[in-house]
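Data block below; observations after.
Order of listing sets the numbers, starting from 1, for every ligand and every atom in it. The structure presented is a predicted model; accordingly, all values stated were derived computationally and were not measured. These numbers come from the heavy atoms of this one structure, side chains and all, not from hydrogens, waters or symmetry mates.
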Amino acid sequence: MLDPRHPRYHSLLLREKIVEGYKRGIVVLEGLIAHGRGECFDYLIGECTTDFALEAIRAAAAAFLTASYPVISVNGNTAALVSKEIVELAKETDSLVEVNLFHRTLERSRLIADVLKKEGLEKVLGLEDAVAVIPEIHSERRRVSPEGILKADLVFVPLEDGDRTEALRRLGKKVITIDLNPLSRTARAADITIVDNIVRAMPRLIEEIKKIKSLGEGYKEYAREILSKYNNQEILSRALRHISRRLENIASGIDEKIGCV
Ligand code: PTJ
């Protein structure tokens, strides 16, 4: 049992969720490594949602609300950490949800679908229906549902590995990711990159979507305006400068959080 007074309590809690996910067959061993890499970047960022992450979250909210066929792609780590929020996001944005795994087995896909259904999602794609293929992708991620990722105009791919984002973009889809590593290929290839921990970013994303929708009739217009001003390259540069500034500060003996919102 974790002691909430432990200085690394929140971080340890997430580790426990990932390990638990592994024991239940939802997360793969490689997912533990991916989580560790995320932890490291989170440490460098300062373990908070920053101003540049919030700007990307707002753009992502706007992109969801102006998409005509949004699809949320879920892998093992995402299901273990934020299944409840994934379901809420899907309902709030009328998105379809598709299980899409790098280390794909039908058994694990089913387990992940069950987790999402337990959170109240009626329909989960990416199981037996994953009969279409995106030929440019060389991993098992190429198997997609003709009703889901194949048809989508916007695909949300949090905690993603390498080449899929590039392939999805070549197919003309808008891609949003959440990735603590601003240097990853996915982070650099996506249209919108939220450099934040998925457990902090998801509730903020849902909140921003609700805020924009609450504007009423003209909300799509407002969302389009947010998107027209958004520049992902600039967000990634700000993420790298933020890390660099934090390291400079720490090297000078000032270990304090900066840029948190
Ligand atoms: O469940 P599967 O089979 O689809 O496999 C999922 C993993 C995550 C194992 C697979 O997609 C993979 O190997 O991913 P990578 O290449 O390690 O990339 C995952 C990215 O997510 C890395 O850049 C990490 O820094 C980042 N990351 C890890 N945990 C978090 C995170 N970003 C945000 N929040 C996190 N909690």
Side-chain angles (χ1 to χ4, degrees), residues 10-50 52-53 56-57 60 72-83 85-86 97-113 115-116 124 126-127 130 137-144 149 155-168 175-190 192-205 236 239-240 243:
H10 290 290
S11 176
L12 293 176
L13 205 64
L14 294 190
R15 270 194 190 182
E16 209 162 80
K17 278 192 174 186
I18 289 285
V19 169
E20 188 56 33
Y22 171 70
K23 288 180 182 161
R24 285 159 61 203
I26 290 165
V27 172
V28 274
L29 265 179
E30 290 83 349
L32 309 189
I33 299 170
H35 187 77
R37 187 188 300 173
E39 276 184 347
C40 176
F41 276 98
D42 210 6
Y43 220 96
L44 295 175
I45 286 166
E47 295 176 315
C48 66
T49 298
T50 55
F52 56 83
I57 287 171
I72 301 171
S73 176
V74 176
N75 66 15
N77 287 44
T78 299
L81 293 175
V82 288
S83 49
E85 289 82 358
I86 288 288
V97 178
E98 178 163 346
V99 178
N100 182 276
L101 304 177
F102 185 76
H103 309 276
R104 184 171 196 273
T105 65
L106 191 53
E107 193 194 346
R108 193 156 69 94
S109 304
R110 282 200 188 113
L111 283 172
I112 293 171
V115 169
L116 296 167
V124 182
L127 305 180
I137 302 176
H138 303 296
S139 70
E140 280 299 298
R141 283 207 187 283
R142 68 184 181 280
R143 296 184 200 291
V144 295
I149 290 169
V155 194
F156 180 44
V157 293
L159 278 53
E160 176 75 12
D161 59 280
D163 64 349
R164 188 165 68 133
T165 300
E166 287 160 6
L168 291 173
V175 180
I176 304 173
T177 192
I178 299 179
D179 193 332
L180 278 160
N181 176 5
L183 298 168
S184 80
R185 263 172 62 215
T186 297
R188 304 198 82 75
I192 299 172
T193 306
I194 301 167
V195 183
D196 195 8
N197 197 314
I198 194 167
V199 300
R200 291 190 301 266
M202 285 295 293
R204 299 289 282 255
L205 177 58
L236 292 172
L240 289 172
I243 290 173

Using every non-hydrogen atom in the two residues, find where Tyr22 and Val28 come nearest and quote the distance to one decimal.
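Nearest pair, atom of Tyr22 first, then Val28: CD1-C, 4.1 Å.
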
Residue pair Ile178 / Asn197: nearest heavy atoms and the distance that separates them:
CG2-C, 4.4 Å

Return the residue, atom name and 0.1 Å-rounded distance of the protein heavy atom closest to [atom].
atom                    : result
atom 11 (O) of ligand 1 : Arg141 NH2, 3.1 Å
atom 6 (C) of ligand 1  : Asn75 ND2, 3.6 Å
atom 19 (C) of ligand 1 : Glu160 O, 3.5 Å
atom 23 (O) of ligand 1 : Asp179 OD1, 2.8 Å
atom 13 (O) of ligand 1 : Asp161 CB, 4.2 Å
atom 1 (O) of ligand 1  : Gly76 N, 2.9 Å
atom 2 (P) of ligand 1  : Arg108 NH2, 3.5 Å
atom 33 (C) of ligand 1 : Asp196 O, 3.3 Å

Quick one: does [X] get an N or O within less than 3.5 Å of an N or O on ligand 1?
X      : result
Leu180 : yes
Leu81  : no
Asn197 : yes
His103 : yes
Ile178 : no
Ser184 : no

For the backbone of Met202 and the side chain of Glu85, can you confirm whether one donor and one acceptor N or O come within less than 3.5 Å of each other?
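No.
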
Could you grab the distance from atom [atom1] of [X] to atom [atom2] of [Y], nearest 0.5 Å is fine?
X      : Y      : atom1 : atom2 : result
His138 : Asp163 : NE2   : CG    : 6.5 Å
Leu116 : Glu98  : CG    : CD    : 12.0 Å
Arg104 : Arg143 : CZ    : CZ    : 7.0 Å
Leu159 : Leu81  : CG    : CG    : 7.0 Å

Atoms of ligand 1 less than 4.0 Å from Phe102 heavy atoms?
2 (P), 3 (O), 4 (O)

Minimum non-hydrogen distance to atom 30 (C) of ligand 1, winning option of Val157, Leu159, Leu14, Ile198:
Leu159

Out of Gly38, Ala34, Gly31, whose heavy atom sits nearest atom 17 (O) of ligand 1?
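Checking each option, the heavy atom nearest atom 17 (O) of ligand 1 is found in Ala34.
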
More than 12 non-hydrogen atoms from neighbouring residues, nucleotides or ligands closer than 6.0 Å to CZ on Arg142, yes or no?
yes

Please indicate whether His10 has more than 12 foreign heavy atoms, meaning atoms of other residues, nucleotides or ligands, lying under 6.0 Å from its NE2.
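Not buried by this count: 12 neighbours or fewer within 6.0 Å.
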
Can you find a side-chain donor-acceptor pair between Ser184 and Asp179 that sits under 3.5 Å?
yes

Name the one of Arg164, Glu160, Arg141 that satisfies side chain to side chain donor-acceptor pair (under 3.5 Å) with Ser73?
Arg164

